[in-house]
Amino acid sequence: MIRRISLALARYEQALLALGAVCLFAMMVIVFVDVAMRYLFNSPLGFSYDLISLYLMVGVFFFALSDTLRHDEHVRVDILYLRMSDGLRRLCDRISYGLSAVLFAVILWTGLLRAIASTAQGEVMATLIPWPIWVAYWIVPIGTAPIVLLCLLRFIHPPAKAQHPA
Amino acid sequence: MTSLAIIGLLFALLAIGMPVGFAMAVAGALGLLFTAGTAATVGVLETTAFSVTNSYELIAIPMFILMAELVVASGIADGLFHAMSVWIGRVRGGLAVATALAGAGFGAISGSSTASAAALSATSIPAMTRAGYEPRFSCGVVAISGTLAMLIPPSIALVLYGIIAEVSIADLLIGGVIPGLLVTFAIIATVYALIWHDPSIAPAGRSYSWSEKLVALKQVGPMLLLLFLVTGVIYVGIATPTEAAALGAFGALLLTAAVGKLTYPTLRHVLARSARATCMILMIVIGAHIFGFFLTLTQVTQMTVTFITSLDVSPYVVMAMIILVYIILGCFMDQLAILILTVPIVVPAIKALGFDPVWFGVIVVVTAEVGMVTPPLGLNVFVVSRYSGRPLEEIFAGIAPHVVAHLLVIAALIAWPGLVLWLPSTMN
Amino acid sequence: ADVTLKLADSLPAGHSITKNATHFFFDRVKTLAGGKVEFQHFPAEQLGKAKDLLSVTQTGLADIGYIVPSYVSEKMPLGAVAELPGGFASSCEGAKAFWSLAKPGGLLDTLEFKPNGVRVLYVVALSPYQAVFSEKAGFKSFDDFKGRKIRSNPGPMELGLRNLGAVPIRMTPPEIFDAMTKGTIDGALLPFTSTVSYSLDKVVKSSTIGQNFGTVGITYSINLNKWNALPKDVQDALTKAGDETVSHACARFDTEEGELAKKLQSEGVLMVKFTPEQEKILANNFDEVSKDWAANLQKRGKPADKVLEAFRAAIAAQR
Ligand code: NA
Ligand code: NA
């Protein structure tokens with residue numbers, strides 16, 4: 001059961017990471033086109049500033065959040081950790097992942113409520129293009145939900161092998 | 001009292017191996033719970049992650065990371081090290097010197113010192129191992145040379161400092177050039193001092209013919225091209241430093257395509273790695289913000305700064321104390337987290353003491369370089385250990401002489417502020 | 001002191017708004033409340049970014065927050081009425097009109113501040129923004145707006161520029177100096193006070209004068225629950241001090257703005273004035289922008305026409 005959940009979660013994380021990668025690539029291309037249009041033709045893309053800050057940056061972070069933890073690429077101080085006995089290390093993992101689960105659960109829950117409320121209000125920005133800010137708010141729960149689950153899974157079953165961060 | 005307990009908790013969470021960003025967020029949230037109540041804490045957790053990432057100026061971070069990853073994938077980084085070693089590999093310790101120079105060169109196109117350390121590890125450690133260099137010595141040189149990337153422009157750390165301290169990012173980036181060369185020189189000097197002390201750690205290498213040397217020089221070309229692209233567009237005014245990061249990434253993409261290395265799997269791999277590295281850094285920025293709100297509320301930092309600045313001693317003694325605090329913080333904390341937590345408070349204080357904020361930014365980044373290689377949290381040492389398979393304590397030992405050299409450089413920058421400020425002053 | 005109030009803003013510690021408004025407010029409250037009230041000031045985004053300070057105030061992390069309606073335009077779209085270009089001629093005209101709508105019981109208070117759980121203590125409107133240009137830009141007359149890249153705030157300011165044939169550019173404030181020096185942009189919309197505080201006076205070679213390309217309408221607002229829990233005499237002191245702060249700060253801004261204009265001119269900055277015909281084109285353009293702003297909000301069911309009318313009436317009442 002847990003194994004099936006874990007596999008499904010990994011697949012969801014991969015899909016999200018792919019989205020995050022698209023955001024990153026789009027960011028690079030949009031800035032390039034924006035600068036080129038401004039410098040060469042005096043007509044920059046009016047939408048790049050808001051599009052990038054409101055959706056793409058938020059997307060890169062939240063869509064990569066859980067996958068980054070799965071690959072142990074969130075930096076940690078592991079000088080003591082690597083010297084611990086297996087039992088102690090599992091205990092430390094339980095504390096780390098338990099607390100992280102609570103942290104991200106709060107972010108998930110408040111993020112979800114905010115997204116729902118903002119959607120109900122149809123909140124948009126007062127920019128020339130009325131960007132729907134509620135769409136951006138949805139990125140938060142979509143990206144936080146898997147990390148809550150991943151932390152819970154690791155709280156129940158701490159990973160067997162200790163690793164350095166990359 | 002609460003503040004001491006929460007700071008203690010943060011260190012405990014870091015010690016048990018909790019990810020740095022998570023530990024700061026958890027400790028900060030608990031601290032807020034005690035000092036500001038539930039509603040305020042929940043409010044901070046609701047808004048901080050979104051509003052930190054919802055920011056245009058931070059795009060320099062993912063873009064410089066993406067550029068560095070593309071440079072590694074394209075083989076430009078290997079070519080750079082190869083060229084350096086062909087030119088100076090023959091002399092005793094030549095490969096170590098080549099590593100320092102490649103570190104400076106790679107630093108000129110990468111804004112992230114971990115990316116740079118990874119690139120150097122992958123290229124120069126195997127070469128030095130084959131040549132019979134002592135591992136402690138070679139890993140030490142690689143770890144310290146990687147840090148050059150955060151001082152020599154482009155630099156994520158300097159960009160972030162500029163945003164927080166509201167000083168000219170262009171001045172900071174240009175101000176980092178001479179200190180970057182100085183640190184490169186210090187690394188090379190340390191290499192020679194170590195070899196002078198014990199010649200067995202670094203054997204002499206083979207020599208190359210002039211035609212081989214000229215061929216190797218061509219491999220420096222793409223690196224120089226990128227370097228001029230990034231600094232050129234800023235200098236000529238085509239783009240802001242923030243935008244230049246994206247142009248650099250785009251240029252690196254074109255170069256990767258030009259050398260035939262841009263396949264779909266490579267691009268996927270590069271984007272995935274960059275997204276994760278960005279996420280890691282932003283998580284630390286978020287954690288540092290949450291922890292920072294707590295520290296601000298307890299006014300611990302303000303009181304410390306007020307205390308330090310109210311001391312009846314020379315400004316230079318105060319500056320020495322501030323740098324000591326930065327070095328101690330650098331042992332335990334992530335460098336970007338330190339910047340975000342301290343700069344808003346320390347910069348007004350040092351301005352009040354009559355120091356220049358651009359000069360101070362460069363000094364802080366040089367101390368941050370030291371923090372990248374000091375135990376227990378020394379990110380570059382982790383990276384080198386990961387790539388080389390050598391134990392952490394061996395690399396920490398190998399780095400010690402370089403830390404001493406770095407401290408001497410800091411002393412020189414304090415004694416002669418012109419080393420930092422002269423180049424930016426010629427620009428305006 | 002019986003009461004300690006935490007005030008959070010996003011301005012650098014020595015900003016002119018802090019000096020002219022917030023510090024004055026602190027002093028007046030301390031005097032009026034007879035030492036009953038103390039303030040803790042958290043500047044420079046120490047408790048949250050500018051766009052989060054509404055939430056920071058609502059949740060009680062801070063008691064008083066620097067709340068700028070246009071930074072939370074999804075929550076307080078109508079509050080941006082003071083920022084529409086062309087509306088008024090001085091900081092005092094704008095600030096006093098904005099104050100009459102935003103103060104407790106006013107139209108904006110009823111529509112936006114009260115429903116968001118905050119009560120405005122005082123408001124600040126920076127002096128009307130001018131267009132300032134670098135030497136390279138060569139701005140000498142009204143026709144020179146065409147094709148010039150000008151940094152501006154989002155929203156109505158952008159639209160106003162676009163209608164003049166200029167190219168509005170978005171950019172964070174710390175980057176303006178470098179961008180103008182190197183020619184990445186030709187100019188920016190800013191009041192002279194900000195021009196000087198961003199060191200742009202070293203780059204600026206020409207500028208409009210006496211125009212209004214918009215402004216920023218700022219409020220310092222207190223959490224309503226916190227307000228209700230305060231003793232009556234403290235409430236009275238805050239109310240009185242707030243009212244005095246609005247007049248005091250705007251007068252200081254207008255004086256400073258005038259002095260800086262003279263200083264810039266004496267340093268060789270070309271102050272570009274427009275002919276009556278050009279003024280008319282500009283006024284029509286700005287009127288267009290205001291109508292467009294109101295129409296967009298009306299479509300979303302917000303009574304923007306009513307707010308705009310009330311704001312204009314409040315301006316007229318001062319003349
Ligand atoms: Na660099
Ligand atoms: Na360290």
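Order of the sequence lines fixes the chain letters, A, B, ..., with proteins taken first and strands second; residue numbering starts at 1 for each chain. Only this structure's heavy atoms are used, side chains among them; waters, hydrogens and symmetry mates stay out. Given the structure is predicted, the values throughout are model-derived calculations rather than measurements.
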Checklist entry - So B:Met280 and A:Glu73, side chain to side chain contact (heavy atoms under 4.5 Å, CB included) or not? Walk me through it. => result CA-CA 7 Å; B:Met280 179 268 282; A:Glu73 286 193 25; 5.5 Å; no
Next on the checklist: Salt bridge or not between A:Arg38 and B:Glu243? Use side-chain N to carboxylate O under 4.0 Å.
Outcome noted: yes
Checklist entry - By a 4.5 Å heavy-atom criterion (distance strictly below it), what part of B:Ile61 contacts chain A: side chain, backbone, both, or neither? => result neither
Checklist outcome for this item: All heavy atoms of B:Leu229 vs all of B:Gly248, minimum pair found to be CD2-CA, 4.2 Å
Checklist entry - At a heavy-atom separation under 4.5 Å, does B:Ser274 approach chain A through its side chain, its backbone, both, or neither? => result both
Checklist outcome for this item: Among B:Leu282, B:Ile238, B:Leu30, the residue with the most heavy-atom pairs under 4.5 Å to chain A is B:Ile238
Next on the checklist: Which atoms of B:Leu247 are under 4.5 Å from chain A, going by heavy atoms: the side chain, the backbone, both sets, or neither?
Outcome noted: side chain
Next on the checklist: Measuring only between side-chain heavy atoms, which start at C-beta, is A:Leu69 closer than 4.5 Å to B:Phe22?
Outcome noted: yes
Checklist outcome for this item: Whatever's closer than 4.5 Å to a heavy atom in chain A on B:Leu58 counts as both
Item to check | Toward chain A, the part of B:Phe11 with a non-hydrogen atom under 4.5 Å | outcome: neither
Next on the checklist: Taking side chain as everything from C-beta outward and backbone as N, CA, C, O, which of these in B:Leu66 sits under 4.5 Å from a heavy atom of chain A? Side chain, backbone, both or neither.
Outcome noted: side chain
Next on the checklist: Give me the atom names and distance for the closest heavy-atom approach of B:Ser74 to B:Val71.
Outcome noted: OG-O, 2.8 Å
Checklist entry - Between B:Ala118, B:Ala246, B:Cys279, B:Ala277, which has the largest tally of heavy atom pairs under 4.5 Å with chain A? => result B:Cys279
Checklist entry - Regarding A:Arg76 and the six-membered ring of B:Phe382, is the cationic atom NZ or CZ under 6.0 Å from the ring centre and inside 45° of its axis? => result no
Next on the checklist: Can you confirm whether A:Arg154 sits close enough to A:Arg70 that some side-chain heavy atom of one is under 4.5 Å from a side-chain heavy atom of the other?
Outcome noted: yes
Checklist entry - Got a sec: does the CH2 of A:Trp138 have more than 12 other heavy atoms crowding it under 6.0 Å? => result yes
Checklist entry - Taking atom types as modelled, is there a side-chain donor on A:Glu123 or A:Ser118 under 3.5 Å from an acceptor on the other? => result yes
Next on the checklist: Counting C-beta onward and ignoring hydrogens, is there a side-chain heavy-atom pair between B:Val384 and B:Cys139 closer than 4.5 Å?
Outcome noted: yes
Next on the checklist: Any heavy-atom pair between the side chains of B:Ile281 and B:Ile65 that's under 4.5 Å?
Outcome noted: yes
Item to check | Residues of residues 12-33 of chain A with any heavy atom under 4.5 Å of a heavy atom in chain B | outcome: A:Leu17, A:Ala21, A:Leu24, A:Phe25, A:Met27, A:Met28, A:Val29, A:Val31, A:Phe32
Checklist entry - Hey, are the side chains of B:Met283 and A:Leu65 touching, using non-hydrogen atoms and a 4.5 Å cut-off? => result yes
Checklist entry - With a 4.5 angstrom heavy-atom cut-off, which part of B:Thr47 approaches chain A: side chain, backbone, both or neither? => result both
Next on the checklist: Contact between B:Leu267 and B:Leu253 at the side-chain level, heavy atoms closer than 4.5 Å - yes or no?
Outcome noted: yes
Item to check | Contact leader toward chain B among A:Thr144, A:Leu99, A:Val140, A:Leu113, where contacts are heavy-atom pairs under 4.5 Å | outcome: A:Leu99
Item to check | chain A contact via B:Leu45 - side chain, backbone, both or neither, heavy atoms under 4.5 Å | outcome: both
Next on the checklist: Do B:Asn380 and B:Ser113 have side chains that approach each other closer than 4.5 Å (heavy atoms only, starting at C-beta)?
Outcome noted: yes
Item to check | N-O pairing of A:Arg83 and B:Glu393 below 4.0 Å | outcome: yes
Checklist entry - What part of A:Ile147 gets closer than 4.5 Å to chain B, counting heavy atoms only: side chain, backbone, both or neither? => result side chain
Next on the checklist: I'd like to know if A:Asp67 pairs up with B:Arg276 as an ion pair, taking the criterion as any Lys NZ or Arg NE/NH1/NH2 lying under 4.0 Å from an Asp or Glu carboxylate oxygen.
Outcome noted: yes
Next on the checklist: Just by distance, no angles: are the side chains of B:Thr266 and B:Thr263 close enough, under 3.5 Å, to form a donor-acceptor pair?
Outcome noted: yes
Checklist outcome for this item: Assert top hit (heavy-atom pairs under 4.5 Å, partner chain A, pool B:Ala272, B:Gly21, B:Ala49) equals B:Ala49
Next on the checklist: Only heavy atoms, only distances under 4.5 angstrom. Which residues in residues 41-63 of chain A are near chain B?
Outcome noted: A:Ser48, A:Tyr49, A:Ile52, A:Ser53, A:Leu54, A:Met57, A:Val58, A:Val60, A:Phe61, A:Phe62
Item to check | Part of B:Met63 within contact of chain A (heavy atom distance under 4.5 Å) | outcome: side chain
Checklist entry - Any idea which of B:Ile59, B:Leu13, B:Thr278 has the most non-hydrogen atom pairs under 4.5 angstrom with chain A? => result B:Ile59
